[in-house]
Colleague: 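This is the structure, below, for whatever I ask next.
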Amino acid sequence: MAQPADRIDELVDLTNRVFRSNGGDMGREYPLVFDPGNPEGMRVVLEEGKIVSHVGVCIRDAALLGVPLRVASIGAVCTDPNFRGRGFAGSLMEDAIAYARSKDAHVMLISGDRSLYRRLGGLRAGTFHFTEAAHEELPQGLALDEAGEDDIPDLAALYSREPVRFVRPAEDWKRLLEAGMLMNRAATCWLVRDSERALAYVAVQTPTSRSSGDDRPNVMEYAGSREAAWTGMKALAGRYGSASVRISLMPDDLDLLGRANREGLPVHQSGFHGTVRLLNVAETLDRVKTLWIERAGQSTVDALEWEADAEGLSYASDEGRVRLEGAEATAAIFGPERSQENPPAIPGMEPLPLFWYGYNYV
Ligand SMILES: CC(C)(COP(=O)(O)OP(=O)(O)OC[C@H]1O[C@@H](n2cnc3c(N)ncnc32)[C@H](O)[C@@H]1OP(=O)(O)O)[C@@H](O)C(=O)NCCC(=O)NCCS
């Protein structure tokens with residue numbers, strides 16, 4: 001494995017050949033991966049002196065209901081077509097896990113679902129909600145403006161109030177707005193303001209009718225006042241000339257989930273937008289334990305007498321000690337795959353919400 005500090009152009013060229021044969025530029029679209037300031041995050045295999053395989057690792061701090069966790073996001077995974085099937089991507093994924101662990105990351109988010117990731121313990125954990133709302137004019141007194149670099153302090157202040165979020169430095173905001181991408185599609189970020197201040201922002205993938213014929217705008221991240229965000233989203237449908245807007249609800253957003261239900265809107269569910277893997281079960285449990293103590297009580301948590309290591313945990317039950325390993329431990333903490341029968345669970349411990357990529361998608 002090597003870090004291509006001075007060979008980013010060659011690496012971007014490989015990823016463009018694999019992912020952008022119809023145009024586009026991965027280097028411009030994914031500034032958090034192809035970051036000259038962080039060559040360590042670009043894990044590559046060289047063959048005959050050429051970069052032939054890549055796994056991008058982007059490590060950021062995050063907050064889960066106030067609990068600090070570190071997240072390693074994996075993206076732009078590819079192997080030159082002439083070098084596939086030789087185990088290069090597999091060994092780079094193992095290397096990425098070791099690297100992320102060396103940086104004390106707790107959770108790995110992988111922007112794909114395939115055997116390469118499942119063999120290493122990834123699964124589509126958790127539950128996310130989606131809805132659709134019809135266009136409505138923006139109420140009097142509110143304005144909807146495209147956000148730019150000058151708005152970063154407002155955007156960051158709104159995002160920092162989200163209960164389940166990445167820690168996104170202003171430098172990341174700048175690069176992400178410049179890239180104009182949101183979860184692998186071109187996007188625009190809109191601020192909803194009243195005469196005094198920025199109340200919310202709504203980030204929308206630009207509609208394309210190319211594949212499904214569906215040209216509705218797609219809200220893939222929002223933050224701030226739910227009242228303002230909701231009215232802003234509905235008004236945006238009109239901006240894009242669409243009768244309705246599709247909305248990915250942010251994790252743990254009881255306000256908009258409740259509102260969608262009350263308004264009789266369709267609410268769909270899905271698992272994580274890719275696969276998830278815990279990198280260190282013991283340290284993750286150590287951090288999130290406070291949330292379970294608050295919910296279930298100290299004595300209930302104590303009674304489990306759990307013992308954990310990096311790969312799994314065991315707890316006391318009436319049938320003796322139960323061990324949950326790898327993907328089972330991830331499912332017990334963040335919720336199982338939706339199709340899973342008899343999903344693994346830690347008795348009395350409700351699964352916790354999982355991070356949503358939004359602008360941190362790589
Ligand atoms: C996916 C990709 C990166 C794999 O690269 P690679 O270097 O050929 O990967 P490997 O040789 O390590 O593994 C190839 C396959 O064999 C499987 N494999 C490897 N060892 C195995 C084993 N012992 N038993 C069973 N399967 C095995 C891997 O799981 C992988 O399966 P998948 O491609 O269905 O996920 C490559 O095909 C590619 O660039 N594809 C296009 C881009 C892409 O789709 N990237 C992934 C985005 S989510």
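Counting starts at 1 for both ligands and their atoms, following the listed order.
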Colleague: Check this for me: E283, atom CD, are more than 12 non-hydrogen atoms of other residues, nucleotides or ligands nearer than 6.0 Å?
Modeller: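 Result for CD/E283: open.
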Colleague: N360 and side-chain contact (heavy atoms from CB on, under 4.5 Å): which partner among R168, R165, M183?
Modeller: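 Of all the options given, the one that passes is R168.
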Colleague: Could you check whether R43 makes a cation-pi contact with Y99, meaning its NZ or CZ is under 6.0 Å from the centre of the six-membered ring and within 45° of the ring axis?
Modeller: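 Positive - R43 is close enough to the ring of Y99 and near enough to its axis.
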Colleague: Decide yes or no for S73 and F355: does some side-chain heavy atom of the first lie under 4.5 Å from some side-chain heavy atom of the second?
Modeller: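 S73 vs F355: side chains apart.
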Colleague: Show every donor-acceptor pair shorter than 3.5 Å between a side-chain atom in residues 295-305 and any protein atom, with sequence neighbours excluded, or say none if there are none.
Modeller:
from: Q298; atom 1: NE2; to: D302; atom 2: OD1; distance (Å): 3.1
from: T300; atom 1: OG1; to: A296; atom 2: O; distance (Å): 2.9

Colleague: Would you verify that at least one protein heavy atom lies under 4.0 Å from atom 38 (C) of ligand 1, or report that none does?
Modeller: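 True for atom 38 (C) of ligand 1.
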Colleague: Do any nitrogen or oxygen atoms of G85 come within less than 3.5 Å of a nitrogen or oxygen of ligand 1?
Modeller: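 In this structure, G85 places an N or O atom under 3.5 Å from an N or O of ligand 1.
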Colleague: Quick one: does D113 get an N or O within less than 3.5 Å of an N or O on ligand 1?
Modeller: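 No; every N/O pair is 3.5 Å or more apart.
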Colleague: Just to be sure I'm reading this right: ignoring hydrogens, which of R86, R114, R119 gets closest to atom 25 (C) of ligand 1? Compare them by their nearest heavy atoms.
Modeller: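 Shortest heavy-atom distance from atom 25 (C) of ligand 1: R119.
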Colleague: For V77, is at least one N or O under 3.5 Å away from an N or O on ligand 1?
Modeller: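 N/O-N/O distance below 3.5 Å exists for this pair.
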Colleague: Going by atom types alone, do Y201 and D145 pair a side-chain donor with an acceptor below 3.5 Å?
Modeller: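 There is no such pair between these side chains.
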Colleague: Would you check whether S111 has a nitrogen or oxygen atom less than 3.5 angstrom from a nitrogen or oxygen atom of ligand 1?
Modeller: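 Checking ligand 1 against S111, no N or O pair falls under 3.5 Å apart.
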Colleague: Heavy-atom distance from atom 15 (C) of ligand 1 to the protein below 4.0 Å?
Modeller: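 Flag for atom 15 (C) of ligand 1 set to false, no protein heavy atom closer than 4.0 Å.
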Colleague: Output side-chain donor-acceptor pairs under 3.5 Å for residues 328-335, partner residues at least two apart or in another chain, one line each.
Modeller:
from: E328; atom 1: OE1; to: E325; atom 2: N; distance (Å): 3.3
from: T330; atom 1: OG1; to: L278; atom 2: N; distance (Å): 3.2
from: T330; atom 1: OG1; to: G326; atom 2: O; distance (Å): 3.3

Colleague: Hey, does F19 come in under 3.5 Å of ligand 1, counting only N/O atoms on both sides?
Modeller: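 In fact, backbone or side chain, F19 has no N or O that close.
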Colleague: Under a 4.0 Å threshold between the charged nitrogen and the carboxylate oxygen, would E94 count as salt-bridged to R119?
Modeller: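 No, no charged N to carboxylate O under 4.0 Å.
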Colleague: Return the closest protein heavy atom for atom 13 (O) of ligand 1 as residue, atom name and distance.
Modeller: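 Heavy-atom neighbour on the protein nearest atom 13 (O) of ligand 1: L116 CD1, 4.2 Å.
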Colleague: For Y117 and ligand 1, does the shortest N/O to N/O distance drop below 3.5 Å?
Modeller: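 No - when backbone and side-chain N and O of Y117 are compared with those of ligand 1, no distance drops under 3.5 Å.
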Colleague: Counting heavy atoms only, which of V52, T79, L92 comes nearest to atom 5 (O) of ligand 1?
Modeller: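 Ranked by closest heavy atom to atom 5 (O) of ligand 1, first place is T79.
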